[in-house]
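Proteins get letters first, then strands, A, B, ... in listed order; numbering begins at 1 in each. These values consider heavy atoms only, across backbone and side chains, with no hydrogens, waters or symmetry-generated copies.
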Amino acid sequence: VRGRVDLRRLALGLAAPALALLVALLISAAALRANGNAPFGIFRKMLEDGTTGPALVSAVNKAVPYFLAGLAVAVAFRMALFNIGVEGQYRLAALVAAWAGGQVDLPRALHVAFICLVAVAVGSLWAGVAGVLRVTRGVSEVISTIMLNAIATALGAYLLAHVLLDRAGSSNNLSTADLPASGQLPSLAGPLKALGLGTRGDSVYGFAVVAALVGVAVSVLLGRTRFGFELRATGLNPFAAAAGGVAARSMVLRTMLLSGGLAGLVGMPVLLGDDHNFGLGFPTGAGFTGIAVALLGRNRPLGIAFGALLFGFLERSSQSLQSAGVPPEIYVIMQGSIVLAVVVAYEVVRRLREAQAERSVRMVGAPA
Amino acid sequence: VTTTIERPAGVSPGPARRAVRRPVVLLAAAGVLLLLLSATRAVTGIDDVTSSGTAGAALALAVPIGLAAVGGLYAERAGVVNIGLEGMMILGTWFGAWVGYQEGPWLGVLAGLLGGAVGGLVHAVATVTFGVDHIISGVAINIIAAGVVRYLSVIAYAGRSDAGPTQSPPVRPIGTVGLPVLSGQRLFGWQGPDLLGDLARRRWFLVSDAASILRGWTGDVSLFTLLAVLVLPASALLLWRTAFGLRLRAVGESPVAAESLGVGVYRLKYAGVVISGALAGLAGAFLVTVAANYYREGQTGGRGFIGLAAMIFGNWRPGGAAVGSLLFGYTDGLQLRQSSAVHALLLLVGLLLLLGAGLAARRRQPVRAVLSGVSGLALVALFAATDTIPQELVGATPYVTTLLVLSLASQRLRPPAADGVPYRRGQAR
């Protein structure tokens, strides 16, 4: 009996994301139909164009920041904290780190580590403001991180224009000085070619490896350490956790610092591997995409990796639709409807499981 | 064995403090604020601190925030946290402009309202029927709304020279009204006196300031603004003086108890969230028909979130939400009209903090008094030591104000008891 129930549980668990993807595809198809396109032809084109070598590389490179942002959001989520401020945290962190990296002269490994450390510290500090406000003044972190996002934008613009600007550089591009070569992280072109996976053009960011290691570290931290246990316990039931001796206030602060530190890394793949400076064109929006990716991945590092790759793929493959007369913005609708469909599907499955558990308890309790 | 606590004879229950009626408190607060504003104007010599232009701008900027805040009120009083207000407002701006440029502004307003209501409906389906976490659903709606309007713009405005993926064609503006005689508006072509304006020009301490603020609120005000201001008392009446309102609030406090009394919890939650979306959509329509005369991407600029903050600041009450919205509208209006005036704001906030410190000291709250006092002194010192605030930082004023106000006020706040808690029909507790 037991084996059968577990099989059904597993089927239910897999049904949720599959169903959600189907619903999201239907919504996107409706949006495409509204524009007078044949949806399935468009989907096939996305699949074909998105799976070429260079397109996949570009999708992975887009996915790396999303993965890190998703981790930052998820760590807070696991403790029932909502860090909407990843966006502001990573932008501010990348700006200060880009500037700091240009000020020092270190051997490569140290230099890169130094830049990352600065970014982590700045991200932590900015998220810490929300943590302190929550712990000492009872301000909801949802509101305070939204406000801190807007303040970070203003503060970043000020710092870039007046304090951290590269005055020696060309005057028409507002940016920090370029990182010296020792502060740049090479791509994975060499190792990938050795494995027979070389492609034309750009290759995967070297930071992808660091991101994967960070994902493993977060997984271990949450699942195998006392801190992770206390974090998850507080998220599941704060009162029970407090009764069990978890210091709730210090946990809130430490979790926000950790989440902000991870957020600080979000800008690193692009900074170290591509742009090498922070200018007006530095990518935005990864923080918000991170929220969606974390929801998609159910706050588990592996799931977040899948979610990030899916989002990177959708974003990249929709770029080729312009020639077919379809607005590439269709990918935002796809991403949004996937997220909404997924959270609804997870909730439906949770209820089905609950009902099933109730039934099986009743069957066990019934007289034979 | 039961023990009973006997009350000593002659002692009445309840707090011993003399009760002061709320309207009196509000009037006194408004008076103190006016006094501080006048003092700031007199000390700094920046007339825009109390000019009718700033007052008018503050009102116009407060309207979308206030509509969103009241919208948030309907949802949260029914127990559903609505962080999707921003997305619903985005839908309101897009549909308001799309219908508005074809059919005229008032039909645009209706379309904006409906667009927001559809966003609210999606939120209601996800949170009420499917029990999804309210904040997650709201964030998803914000993401979807931004994508949907971009996509729709590309389709709807393809091949037009006066519009594109990020902007709509121009929308005819909504008419304005004003008081004749008092504020210098024409009455059937007759140009009467401008009594408040004359008074304002005398620069008498307090009197001129009050006159100029009143003039800003009574001269040349959009009809939509009047309508929006009326939404506030209407909502207060609906939520606190009707059976519908009582039931809606009961659902937000204890859905189980409400259900047991025969109230349709799901139906009321749906009503609250859809009305919430409609008001957010109305706020969006205001942006495209009054604040600007077209739709532009990113036009909402986080006003949905600020509206939510204003509602929290207002302790989940219409009057408080209105005060919060005006506060944000004022700081925003001041920075837009004259960015150097934000420097004067340092003094004003510093004085307010010192006042708060005094109040806290009287109430024997030493930590609070010291904190407010030190930060107040710091702001006044900063005002004295600097001449201007960098242009880039001025734009952050409303957000810093929000954070500051929330960190000073949020411990006295009380949200509806079941706010944000998923409810399933028939659940036990």
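Residues A:L133 and B:S407 come closest through the heavy atom pair CD2-CB, 3.6 Å. When every heavy atom of B:A140 is checked against every heavy atom of A:V339, the shortest pair comes out as CB-CG1, 4.0 Å. Taking both residues in full, the closest heavy atoms of A:A154 and B:L393 are given as O-CD2, 3.9 Å, listed atom of the first, atom of the second, then distance.
At a 4.5 Å heavy-atom cutoff, the contact between A:F77 and chain B is made by side-chain atoms alone. Contacts between A:I84 and chain B at a heavy-atom distance below 4.5 Å involve the side chain alone, from C-beta outward. For chain A, the nearby part of B:V122 is the side chain; its heavy atoms alone come within less than 4.5 Å. The contact between A:A31 and chain B is made by backbone and side chain atoms together, counting heavy-atom distances below 4.5 Å. Contacts of A:L160 with chain B are absent, with no heavy-atom separation under 4.5 Å from either backbone or side chain. Looking at A:V348, the atoms closer than 4.5 Å to chain B (heavy atoms on both sides) all sit in the side chain, from C-beta outward. Heavy atoms of B:V400 lying under 4.5 Å from chain A belong to its backbone as well as its side chain. Neither the backbone nor the side chain of B:S153 comes within less than 4.5 Å of any heavy atom of chain A. Contact annotation for A:V142: only side-chain heavy atoms (C-beta onward) come within less than 4.5 Å of a heavy atom of chain B. Only the side chain of A:I291 has a heavy atom closer than 4.5 Å to any heavy atom of chain B.
Taking 4.5 Å as the heavy-atom cut-off, the residues of residues 145-152 of chain B that approach chain A are B:G147, B:V148, B:R150, B:Y151, ordered by number. Taking 4.5 Å as the heavy-atom cut-off, the residues of residues 143-151 of chain A that approach chain B are A:I143, A:S144, A:I146, A:M147, A:L148, A:A150, A:I151, ordered by number.
Contacts with chain A were tallied for B:A158, B:G301, B:P390; B:P390 has the most, counting heavy-atom pairs under 4.5 Å. Taking A:P327, A:S337, A:G336, A:A157 one by one and counting their heavy-atom pairs under 4.5 Å with chain B, the maximum is reached by A:P327. Considering only heavy-atom pairs separated by less than 4.5 Å from chain A, the leading option among B:I144, B:I83, B:D133, B:I306 is B:I144. Ranked by heavy-atom pairs under 4.5 Å with chain B, the list A:M334, A:R351, A:R350, A:E347 is led by A:R351. Comparing A:V332, A:T153, A:L340, A:T289 by how many heavy-atom pairs each has under 4.5 Å with chain B, the most go to A:L340.
Annotation: the span from B:L308 atom CG to A:S140 atom OG amounts to 8.5 Å, rounded to 0.5 Å. Interatomic distance, B:I155 CD1 to A:L32 CG, rounded to the nearest 0.5 Å: 8.5 Å.
Counting non-hydrogen atoms of other residues, nucleotides and ligands closer than 6.0 Å to CZ of A:F282 gives a total above 12. Taking a 6.0 Å sphere around CZ of A:R249, one finds it holds 12 or fewer heavy atoms contributed by other residues, nucleotides or ligands.
A:F82 has its side chain within reach of B:V139: a pair of non-hydrogen atoms, C-beta onward, lies under 4.5 Å apart.
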Would you check, one step at a time, whether the test side chain to side chain contact (heavy atoms under 4.5 Å, CB included) holds for A:R137 with B:L371?
CA-CA 12 Å; A:R137 309 299 309 167; B:L371 268 179; 4.1 Å; yes

